[in-house]
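What follows is one structure encoded as structure tokens, with my remarks underneath.
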Amino acid sequence: MKIVSATLLLAAITGTSAFAPIPASSRMSTSLSVFKSDLDGAQTMIDSIIQEKNCGPVFVRLAWHDSGTYDVNIKEFPKAGGAIGSIRFDPEINHGANAGLAGAVKLLEPVKEKFPDVSYADIFQMASARAIELAGGPKIDMKYGRVDATSPEECSPEGNLPDAEAGPEGKFGGAGGTASTESTSAAGHLRKVFYRMGLGDEEIVALSGAHTFGRAYADRSGLGAPKTKFTDGSKVKLSDGSTTDKYTPGGSPWTEDWLVFDNSYFTTVPDYTKDVELLKLTSDKVLFTDDQFSFYAEKFRRSKDDFFASYAKAHKALSELGSKFEDVVDDN
């Protein structure tokens with residue numbers, strides 16, 4: 001980001017090892033605006049990384065886990081958490097729910113090096129939105145100009161992100177984080193997590209639908225198989241109808257065409273004739289058994305257009321949680 005005038009001064013492939021963060025002093029930003037040309041350049045680089053490595057799903061997870069720490073009841077920036085780029089710092093990058101995301105940060109470091117005035121928060125959220133669109137999903141009306149968290153001290157506490165399955169005592173979530181997310185039911189837990197962010201039932205179901213895209217890994221989330229027939233290195237369908245085997249094998253997908261963003265999550269989860277190697281977690285199945293959730297799940301099962309419309313709004317809202325924005329200067 002750059003301070004361009006006194007007037008303007010007023011007026012976004014997973015890894016498995018612990019992340020060794022760049023020193024805080026080299027990650028600080030004191031500027032108050034970013035040029036649109038830099039954002040455009042960052043997007044071009046991000047698109048190239050996604051298309052070369054087919055790593056879009058992990059960029060979605062990275063951005064969500066950055067923004068998903070937000071607590072609507074905390075009014076102070078950056079203490080409230082959210083899309084502030086704090087996930088790049090230890091301890092947050094090494095929280096249990098963030099296992100494997102250090103590699104995603106590393107993949108995006110060249111973008112930050114090339115365009116240092118674009119915040120990490122913007123880079124992470126841009127990578128997520130571009131991954132969705134390049135996979136055939138909806139165009140998301142993104143806003144840029146986010147201000148970064150500047151030190152590890154500004155990381156959110158561990159425990160704000162959702163669980164897909166209950167723990168050994170039969171409970172989802174826990175008492176950690178900024179507010180308890182503990183519940184004996186998946187629906188109750190999801191509501192505690194997302195209501196804390198200021199989101200509702202429609203957003204919970206729509207955002208869950210992004211599981212149409214990507215895989216779960218046992219060495220990261222503790223869920224899924226080492227590999228399946230859909231992730232063993234054989235060719236996978238892309239959104240343009242072509243296929244690719246250029247991806248890192250492993251993990252369990254929710255859908256057969258896990259590099260395509262569509263509504264197949266909603267057609268697959270309730271269909272018990274589907275291949276048993278496809279994931280159906282408790283947090284997935286509850287979308288079709290909870291009275292309020294099922295209204296939206298069935299709506300999205302019937303219509304991809306309805307899903308895309310709700311998803312685009314929910315993704316935009318999630319991407320802006322907790323963010324503090326400065327000017328974007330159109331220099332084109």
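Since this is a predicted model, take the numbers as computed values, not measurements. Both backbone and side-chain heavy atoms feed into the values below; hydrogens, waters and symmetry mates do not.
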Next on the checklist: Within 45 degrees of the ring normal and closer than 6.0 Å to the centroid, is that where the cationic atom of K143 sits relative to F325?
Outcome noted: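 Yes, a cation-pi geometry.
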Checklist entry - Are K299 and F307 in a cation-pi setup, meaning NZ or CZ lies under 6.0 angstrom from the ring centre and within 45 degrees of the ring axis? => result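 K299 over F307 ring: no.
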Checklist entry - Is there a side-chain contact (heavy atoms from CB on, under 4.5 Å) between S323 and R146 once you walk through the steps? => result CA-CA 6 Å; S323 296; R146 292 170 185 80; 3.5 Å; yes
How long is the straight-line distance from [atom2] of [Y] back to [atom1] of [X], given to the nearest 0.5 Å?
X	Y	atom1	atom2	result
M197	L207	CE	CG	8.5 Å
I50	N54	CD1	CG	9.5 Å
N98	L161	CG	CG	6.0 Å
L190	T282	CG	OG1	10.5 Å
T273	D271	OG1	CG	3.5 Å

Next on the checklist: Apply side-chain contact (heavy atoms from CB on, under 4.5 Å) to residues L101 and I87 and explain how you reach the verdict.
Outcome noted: CA-CA 9 Å; L101 289 178; I87 198 170; 3.9 Å; yes
Taking [X] for the side chain and [Y] for the main chain, is one N or O donor matched with an acceptor at less than 3.5 Å?
X	Y	answer
D163	F172	no
D122	G145	yes
N263	F300	yes
T69	G82	yes
D201	Q292	no
D327	V329	no
S67	A63	yes
E298	S294	no
T231	G251	yes
E203	G200	yes

My understanding is that only residues two or more places apart in sequence, or in another chain, count here; which of them pass salt bridge (charged side-chain N to carboxylate O under 4.0 Å, His left out) with [X]?
X	value
D47	R130
D305	none
K192	none
E320	K316

Next on the checklist: Give me each pair satisfying salt bridge (Lys or Arg N to Asp or Glu O under 4.0 Å) with a member in residues 164-187, each pair once, sequence neighbours excluded.
Outcome noted: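 Non-adjacent pairs meeting salt bridge (Lys or Arg N to Asp or Glu O under 4.0 Å): K171-E182.
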Checklist entry - Going by the salt bridge (Lys or Arg N to Asp or Glu O under 4.0 Å) test, which pairs reach into residues 282-295, not counting sequence neighbours? => result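 Only R191-D290 qualify under salt bridge (Lys or Arg N to Asp or Glu O under 4.0 Å).
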For the residue pair [Y] / [X], report whether a side-chain donor-acceptor contact shorter than 3.5 Å exists.
X	Y	value
D71	T178	yes
E92	S86	yes
S319	Q125	no
N332	S37	no

Checklist entry - Salt bridge or not for K229 and D275, using N-O below 4.0 Å? => result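 D275 and K229: salt-bridged.
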Next on the checklist: I'd like to know if D40 and K36 make a salt bridge, using a cut-off of under 4.0 Å between side-chain N and carboxylate O.
Outcome noted: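 Yes.
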Among all residues two or more places apart in sequence or in another chain, which pass the side chain to side chain donor-acceptor pair (under 3.5 Å) test with [X]?
X	result
T212	D262, S264
T181	none
T268	none
K246	none

[X] versus [Y]: any side-chain heavy-atom pair under 4.5 Å?
X	Y	value
P253	T228	yes
H189	P162	yes
F230	T255	no
Y144	V118	no
K274	V269	no
S252	E277	no
L134	F261	no
R88	D148	yes

Under a 4.5 Å side-chain heavy-atom rule over Ile, Leu, Val, Met, Phe, Trp and Tyr, are [X] and [Y] clustered together?
X	Y	result
F288	Y296	yes
M126	I49	yes
V72	L199	yes
Y195	L318	yes
I46	V328	yes

Next on the checklist: For the aromatic rings, using the six-membered ring if either is Trp, is the centroid distance between Y247 and W258 under 6.0 Å?
Outcome noted: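 Yes, close enough.
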Item to check | Those residues that, when tested against S221, pass side-chain contact (heavy atoms from CB on, under 4.5 Å) (two or more places apart) | outcome: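 side-chain contact (heavy atoms from CB on, under 4.5 Å) list for S221, sorted by chain: A216, L223.
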Checklist entry - In chain order, what residues pass the side-chain contact (heavy atoms from CB on, under 4.5 Å) check against S208, with sequence neighbours excluded? => result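 Applying side-chain contact (heavy atoms from CB on, under 4.5 Å) to S208 gives I204, Y265, L287.
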Next on the checklist: Are there over 12 heavy-atom neighbours, none belonging to K280, within less than 6.0 Å of that residue's NZ?
Outcome noted: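 Yes, because the 6.0 Å sphere around NZ of K280 holds more than 12 heavy atoms from other groups.
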Checklist entry - Does atom NZ of K139 have more than 12 heavy-atom neighbours, drawn from other residues, nucleotides or ligands, at distances under 6.0 Å? => result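 Result for NZ/K139: open.
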Checklist entry - Can you list the steps and then say if K235 with T244 is a side-chain contact (heavy atoms from CB on, under 4.5 Å)? => result CA-CA 5 Å; K235 292 196 173 189; T244 185; over 6 Å; no
Checklist entry - So Y120 and K112, side-chain contact (heavy atoms from CB on, under 4.5 Å) or not? Walk me through it. => result CA-CA 7 Å; Y120 279 99; K112 181 64 175 175; 3.5 Å; yes
